[in-house]
Amino acid sequence: MSEIFNIDQTQLVHAWNESLPNVLNKGDQAQVKPDEADQHTLRIHIDTAGHQMYSFDFKCAYVDNREVRVDLMDVEKDGRHVDERTDTIQQLTHDYMRHIHECAQAVQYLTNP
């Protein structure tokens, strides 16, 4: 594993907030915030488009300057926690994790110059 990089977390969050909407499905909304406990981790909240009213919370931790580990933290529908094991939620989770990895590649100009 490569050594963890040093980068300003504020700058990284800004780059993610700029790039993530470009890789998500049209109409989806995302917000990226710093993880207060770890400067190499981001918290990502995604609201799905349309009438589904799902929201997803992910933890995205940099393993090194090129690789991220993405974990699903919570899923809600219309403000209520839902079972994350359903086929629909599993498919959406998989898609959003793929989009998060795409965004990590898009911001490599910061993390792996």
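Quick caveat: nothing in here was measured; it's all calculated off a predicted structure. Scope of the values below: all heavy atoms of this structure, side chains included, with no hydrogens, waters or symmetry mates.
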Between side-chain atoms of residues 68-76 and protein atoms elsewhere (two or more places apart, or another chain), which donor-acceptor pairs fall under 3.5 Å?
unit_1: Arg69; atom_1: NE; unit_2: Asp71; atom_2: OD2; d: 3.4
unit_1: Asp74; atom_1: OD1; unit_2: His81; atom_2: ND1; d: 2.7

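Residue Leu24 comes nearest to His99 through the heavy atom pair CD2-CB, 3.9 Å, listed as atom of the first residue, atom of the second, then distance. Annotation for Pro34 and Val13: closest pair N-CG2, 3.7 Å, computed over non-hydrogen atoms. Residues Cys103 and Leu20 come closest through the heavy atom pair SG-N, 3.5 Å.
Every pair passing salt bridge (charged side-chain N to carboxylate O under 4.0 Å, His left out) that includes a residue from residues 78-88 is listed here, sequence neighbours excluded: Asp83-Arg85. The stretch residues 11-23 participates, sequence neighbours left out, in these side-chain hydrogen bond (donor to acceptor under 3.5 Å, both in side chains) pairs: Trp16-Tyr62. Among residues at least two apart or in separate chains, salt bridge (charged side-chain N to carboxylate O under 4.0 Å, His left out) pairs with a member in residues 96-113 are Asp95-Arg98, Arg98-Glu102.
Taking the side chain to side chain donor-acceptor pair (under 3.5 Å) definition, one finds that His45 meets it with Asp47, Asp57, sequence neighbours left out. With sequence neighbours left out, Asp35 forms a side-chain contact (heavy atoms from CB on, under 4.5 Å) with Ala37, Asp38, Thr41, Arg43, Lys59.
Put simply, the side chain of Leu12 does not reach to within 4.5 Å of the side chain of Gln39, judged on heavy atoms. Thr93 is listed as a side-chain neighbour of Phe58, based on a closest heavy-atom distance under 4.5 Å.
Between atom CD of residue Gln105 and atom OG1 of residue Thr111 there is a gap of 10.0 Å, rounded to the nearest 0.5 Å. Here the NE2-CD distance, from His101 to Glu67, works out to 8.0 Å after rounding to the nearest 0.5 Å.
With Phe56 as the partner, the side-chain contact (heavy atoms from CB on, under 4.5 Å) test is satisfied by one option alone out of Ile44, Asp28, Ile89: Ile89.
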side-chain contact (heavy atoms from CB on, under 4.5 Å) evaluation trace for Ile46 with Tyr54: CA-CA 8 Å; Ile46 300 173; Tyr54 286 116; over 6 Å; no

side-chain contact (heavy atoms from CB on, under 4.5 Å) between Leu92 and Gln52, intermediate numbers included: CA-CA 11 Å; Leu92 287 167; Gln52 294 176 340; 4.2 Å; yes

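A 6.0 Å sphere centred on CD of Gln29 holds no more than 12 heavy atoms belonging to other residues, nucleotides or ligands.
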